[in-house]
Amino acid sequence: MNKENKLIPGLPSGFEDRWNKTLILKKRLLKVIESNFIKYGFDPLETPSFEIAENIGSFLAEDDSNPMSDVFSFNDGEKNITLRYDLSSPLARFVAQNNQELPSIYKRYAIQNVFRNEKSGNARFREFTQADCDIVGKVNPAQANAELCNLVASTLIECGLKKDQFTINVSNRKIVQGLIEDLKIEKEKQIKVMRAIDKLDKPGFGLKGVEELLRKERKDRSGAITKGANLSDDQASKILSFLRIKDLKELKENFKNPLTQEGIKELEELFEVLNFGNYSDQVKTNFTIVRGLAYYDGFCIETNLNFKTTNNEGKEIDIGSVCSGGQYNKLISRFKGVDIPGTGVSIGVDRLLFAMSQINQVQLDDQKPVIVCVMDEKYLKNYYEILEVLRKNNINSEIFLDSKKNLGKQLTYANKRGCPIAVICGENEFKDNKITLKNLLGIKGEDNQITFSKENLVNEIKKFI
RNA sequence: GCCCGGGUGGUGUAAUGGUUAGCACGGAAGUUUGUGGAACUUUAAGUUUGAGUUCGACUCUCAGCCCGGGUACCA
């Protein structure tokens, strides 16, 4: 045993193999999501995994500390290229590049994996699937954004969530921007303030946590210290009183900044259109939704699940938003010669999967194959004939692939595999033109076998599956 | 990135400075060449890595690696 030379199988952290039930559920979700996107009038788009680094990197958050650290970047000998970090930036590039060919309002969906080079955990992976819908072009924002809300709600319901199991939180960044303007908060602090506001709904934060972040510093459960924004008492208390407001009318009366008022008006218009549809109950205003700072500049949306999720040790964890997005007016105009606004949402399919796989609400059609046992190698041809009949009739089926193994072994295999039925035929059956079926899911100890004449094969099997 | 905790066969665990690292499940082979999900027998497979302390390290110390959690960031 020279084990020094042997490889140890493993994956880089944050990457996951997926198989069995989870994968089947994922495929099911993807199918539902895609057909719902199509139903809402979106066209498919697929872009390569790699983009030219500048096209993705130039609008990363203007955060001093880690500019490009979250993207996987490579040099192909000529250029720096990066794995796509999301689906919006490839879309922006694509639209800028193919502007002439596209309709004036371009609705596209993309369901692809994205890559993030960051710490994993809590249903956060370094490669994960996003299902993204965007509307690009000059549109009535209220209509476009309402369409997105409806799309999210109906998709999640189609995926198997109940109406009360999720909440779509919407806001408009102009509201918070106006507030920050009013309070004359210095530019350097604005990012921190917005991020602090965004954390209100995070478990373990609440008003107290946000206040600490607005002022000097916050010490978390592990003892690590996060520096705060160092606001004045007046600034901090104004923001805190803003955070207490849940009602659009109350906000409208108390915060008169023009930009804030504009944001409020846009939200009102959104709800007006939402009321024409079926999902307005699922959508709630939440003025603390601020989201990423790089380019959102109006409507923003975040969808949270209303039930708890646990990790495989049974510990309750917060998986965050399963679906988020917003309006971006400058994302595409970064490119030469185009100035087109857009708005979109992205479903975090793997997070949704993580949550859905814990609530057993979805009926899965995971039909394991019928197994044709090879009892006597002499009759191999006959076994393949049976197999052919089954497959012609769309019955998932397989033949046991090692004809040297005895029947007991074959059944052990079939049992572990979860096969519902075994076809067991030997000399006796073939002589009389009969077939024997064994119901592998039957009660132990009972006689689970039937023998019948060959022509009835398909009908008999269909009684069981 | 930062903070905290943890790493013993594939999985779950025992041994806490001292013989050959024990047990269970799972795997493989057999008892059983026409009957699985039971039993029995056999078998393969493990101390995360490196340095240090020690007569002696799975056990103690330091560092790396990996895993988990918190936090930060998240288009």
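This is a predicted model, so every value here is computed, not measured. Chain identifiers are assigned alphabetically (A, B, ...) following the order of the sequence lines, protein sequences preceding nucleic acid strands; residue numbering begins at 1 within each chain.
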> I'd like the C1' distance from B/G69 over to B/G10, given in whole Å.
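Straight-line distance between the two C1' atoms is 25 Å.
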
> Tell me what A/K199 touches on the nucleic acid: a base, only sugar-phosphate, or nothing, going by heavy atoms under 4.0 Å.
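Answer is sugar-phosphate: A/K199 comes under 4.0 Å of backbone atoms only.
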
> A/E388: which residues meet the side-chain hydrogen bond (donor to acceptor under 3.5 Å, both in side chains) condition with it, sequence neighbours left out?
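side-chain hydrogen bond (donor to acceptor under 3.5 Å, both in side chains) list for A/E388, sorted by chain: empty.
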
> Can you tell me which nucleotide in B/A75, B/C73, B/A72 comes closest to the side chain of A/K202?
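Ranking B/A75, B/C73, B/A72 by closest atom to the A/K202 side chain puts B/A72 first.
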
> Check this one for me: any side-chain N or O of A/K405 less than 4.0 Å away from OP1 or OP2 of B/U32?
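No, outside the criterion.
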
> Would you mind reading off the distance between A/L87 atom CG and B/C74 atom P, rounded to a whole angstrom?
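Interatomic distance, CG of A/L87 to P of B/C74: 18 Å.
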
> Grab the stems for RNA chain B, please: at least three consecutive Watson-Crick or wobble pairs, both distances below 3.5 Å, written as range with range.
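B:1-7 with B:65-71, B:10-13 with B:22-25, B:27-31 with B:39-43, B:48-52 with B:60-64 - these are the stems of 3 or more pairs that involve RNA chain B.
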
> Rounded to whole angstrom, note down the P distance from B/G22 over to B/A15.
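About 14 Å, rounded to a whole number of Å.
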
> Students often get this wrong, so: under 4.0 angstrom with heavy atoms, is A/G408 touching a base, only sugar-phosphate, or nothing?
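Sugar-phosphate, backbone atoms only, no base.
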
> Starting at CG of A/L441, measure out to CG of A/N415 and round the result to the nearest 0.5 Å.
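It is 8.5 Å, given to the nearest 0.5 Å.
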
> Would you mind reading off the distance between A/D447 atom CG and B/G36 atom P, rounded to a whole angstrom?
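In whole Å, B/G36 P and A/D447 CG are 13 Å from each other.
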
> Which nucleotide wins on minimum distance to the side chain of A/A224, given the candidates B/C73, B/G36, B/G70?
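The answer is B/G70, which lies nearest to the side chain.
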
> Rounded to whole angstrom, note down the C1' distance from B/G46 over to B/C2.
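Per the computed distance, 34 Å lies between those C1' atoms.
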
> According to the 5.5 Å centroid and 30° plane-angle thresholds, does A/Y85 stack upon the nucleobase of B/A75?
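Answer is yes, a stack.
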
> Say you pick atom C1' in B/G27 and the same atom in B/G68; how far apart are they, in whole Å?
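Each nucleotide's C1' atom is 28 Å from the other's.
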
> In terms of the nearest nucleotide of RNA chain B, which residue is placed more toward the 5' end: A/S324 or A/L441?
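Taking each residue's closest nucleotide, the earlier one in sequence belongs to A/L441.
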
> Write down the distance between NZ (A/K378) and P (B/G34), rounded to a whole number of angstrom.
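Rounded to whole Å, this separation is 11 Å.
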
> Start with the C-alpha distance between A/K405 and A/D402, add both sets of side-chain angles, then the distance that settles salt bridge (Lys or Arg N to Asp or Glu O under 4.0 Å), and finish with yes or no.
CA-CA 6 Å; A/K405 289 269 199 307; A/D402 181 356; 3.1 Å; yes

> Heavy atoms under 4.0 Å, any strand shown: does A/K227 hit a base, just sugar-phosphate, or nothing?
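Result for A/K227 = nothing.
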
> Report the distance from atom CG of A/N55 to atom C1' of B/A75, rounded to the nearest whole Å.
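Whole-Å distance recorded here is 14 Å.
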
> Write down the distance between CG (A/L411) and P (B/G37), rounded to a whole number of angstrom.
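Interatomic distance, CG of A/L411 to P of B/G37: 9 Å.
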
> Is the A/F72-A/F50 ring centre distance short of 6.0 angstrom?
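That pair fails the under 6.0 Å test.
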
> For A/N448, answer base if it contacts any base atom (sugar-phosphate contacts may also be present), sugar-phosphate if it contacts only those atoms, and nothing otherwise; contact means non-hydrogen atoms under 4.0 Å.
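Since a base atom lies under 4.0 Å of A/N448, the category is base.
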
> Reckon A/E429 touches a base, only the sugar-phosphate, or nothing at all at heavy-atom distances under 4.0 Å?
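Base, at least one base heavy atom under 4.0 Å.
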
> Mind checking if A/T436 touches a base, just sugar-phosphate, or nothing, with heavy atoms under 4.0 Å?
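It contacts nothing in the nucleic acid.
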
> Does B/C74 have its OP1 or OP2 closer than 4.0 Å to a side-chain nitrogen or oxygen of A/R195?
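Answer yes for this pair, as a side-chain N or O of A/R195 is under 4.0 Å from OP1 or OP2.
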
> What nucleotide among B/C74, B/U35, B/U71 has an atom nearest to a side-chain atom of A/R218?
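It is B/U71.
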
> Please tell me which of the listed nucleotides, B/G34, B/C73, B/U71, lies nearest to the side chain of A/D220?
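Nucleotide nearest to A/D220's side chain: B/U71.
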
> Once salt bridge (charged side-chain N to carboxylate O under 4.0 Å, His left out) is applied, do any residues pair with A/K438, and if so which ones, sequence neighbours excluded?
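Scan of A/K438 (salt bridge (charged side-chain N to carboxylate O under 4.0 Å, His left out), adjacent residues dropped) gives none.
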
> Between B/U19 and B/U71, how many Å separate the two C1' atoms, rounded to a whole number?
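Result for the C1' pair: 48 Å, nearest Å.
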
> Considering only side-chain heavy atoms of A/T412, which listed nucleotide, B/G36, B/A72, B/C73, is closest?
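For A/T412, the side-chain atoms sit closest to B/G36.
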
> Using atom types as modelled and distance alone, determine if a side-chain donor or acceptor of A/N145 lies under 3.5 Å from a backbone N or O of A/P141.
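Checking the backbone N and O of A/P141 against the side chain of A/N145, a donor-acceptor pair under 3.5 Å is found.
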
> Rounded to the nearest angstrom, tell me the gap between atom CD1 in A/I225 and atom P in B/C2.
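Interatomic distance, CD1 of A/I225 to P of B/C2: 15 Å.
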
> NA contact type, A/F128, heavy-atom cut-off 4.0 Å: base, sugar-phosphate, or nothing?
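No contact.
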
> Under 4.0 angstrom, heavy atoms only, what part of the nucleic acid is A/D376 near: base, sugar-phosphate, or nothing?
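The answer is nothing, as A/D376 stays clear of every strand by at least 4.0 Å.
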
> Answer with base, sugar-phosphate or nothing: what part of the nucleic acid does A/Q410 contact at a heavy-atom distance below 4.0 Å?
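Counting heavy atoms under 4.0 Å across all strands, no contact is made by A/Q410.
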
> How many angstroms lie between CD in A/E186 and CG in A/L231, if you round to the nearest 0.5 Å?
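Spacing of CD (A/E186) from CG (A/L231) equals 8.0 Å.
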
> Given B/G34, B/C74, B/A75, which nucleotide is nearest the side-chain atoms of A/I424?
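Of all the options, the side chain of A/I424 is nearest to B/G34.
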
> Taking atom C1' in both B/G12 and B/G50, compute the distance separating them and give it to the nearest angstrom.
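The answer is 29 Å between these two C1' atoms.
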
> For the atom pair OH (A/Y106) and CZ (A/F94), what is the distance rounded to the nearest 0.5 Å?
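Rounded to the nearest 0.5 Å, the OH-CZ separation comes out at 4.5 Å.
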
> Is it the case that the side chains of A/T129 and A/N113 hold a donor-acceptor pair, with the cut-off being a distance below 3.5 Å and no angle test?
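Side-chain D/A pair, A/N113 to A/T129: present.
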
> On RNA chain B, does the nearest nucleotide to A/G325 precede the nearest nucleotide to A/G426 from the 5' side, or the other way round? Give the residue.
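First, find each residue's nearest nucleotide; the 5'-ward one identifies A/G426.
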
> How many whole angstroms separate atom CD of A/E54 from atom P of B/A75?
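Nearest whole value for this atom pair: 21 Å.
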
> Counting any heavy atom closer than 4.0 Å, what does A/G442 reach on the DNA or RNA strands: base, sugar-phosphate only, or nothing?
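The residue A/G442 makes base contact.
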
> Picking from B/G70, B/A75, B/G34, which would you name as closest to the side chain of A/E427?
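Selected nucleotide: B/G34.
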
> Does OP1 or OP2 of B/C74 have a side-chain N or O of A/K119 closer than 4.0 Å?
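A/K119 to B/C74 OP1/OP2: no side-chain N or O under 4.0 Å.
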
> Which nucleotide in the list B/U35, B/U71, B/G34 gets nearest to the side chain of A/N428?
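Nearest to the side chain of A/N428 among the choices is B/G34.
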
> Which nucleotide in the set B/A72, B/A75, B/G36 lies at the smallest distance from any side-chain heavy atom of A/K438?
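The nucleotide sitting nearest to the side chain is B/G36.
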
> Distance from A/L83 atom CG to A/F74 atom CZ, nearest 0.5 Å?
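Atom-to-atom, A/L83:CG and A/F74:CZ are 5.0 Å apart.
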
> Hey, is the side chain of A/K416 poking within less than 4.0 Å of OP1 or OP2 on B/G27, counting only N and O atoms?
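A/K416 to B/G27 OP1/OP2: side-chain N or O found under 4.0 Å.
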
> Sticking with atom P, work out how far B/U32 lies from B/U41, rounded to a whole angstrom.
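Looking at atom P only, B/U32 and B/U41 are 16 Å apart.
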
> Pick the C1' atom in B/A72 and in B/G26, then give their distance to the nearest Å.
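These two C1' atoms come out 41 Å apart once rounded.
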
> Hydrogens and angles aside, do A/Y109 and A/E34 bring a side-chain donor and acceptor to less than 3.5 Å of each other?
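Judged by distance alone, the side chains do pair up.
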
> Could you tell me how far apart A/D198 (CG) and B/A72 (C1') are, to the nearest whole angstrom?
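Roughly 13 Å, once rounded to whole Å.
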
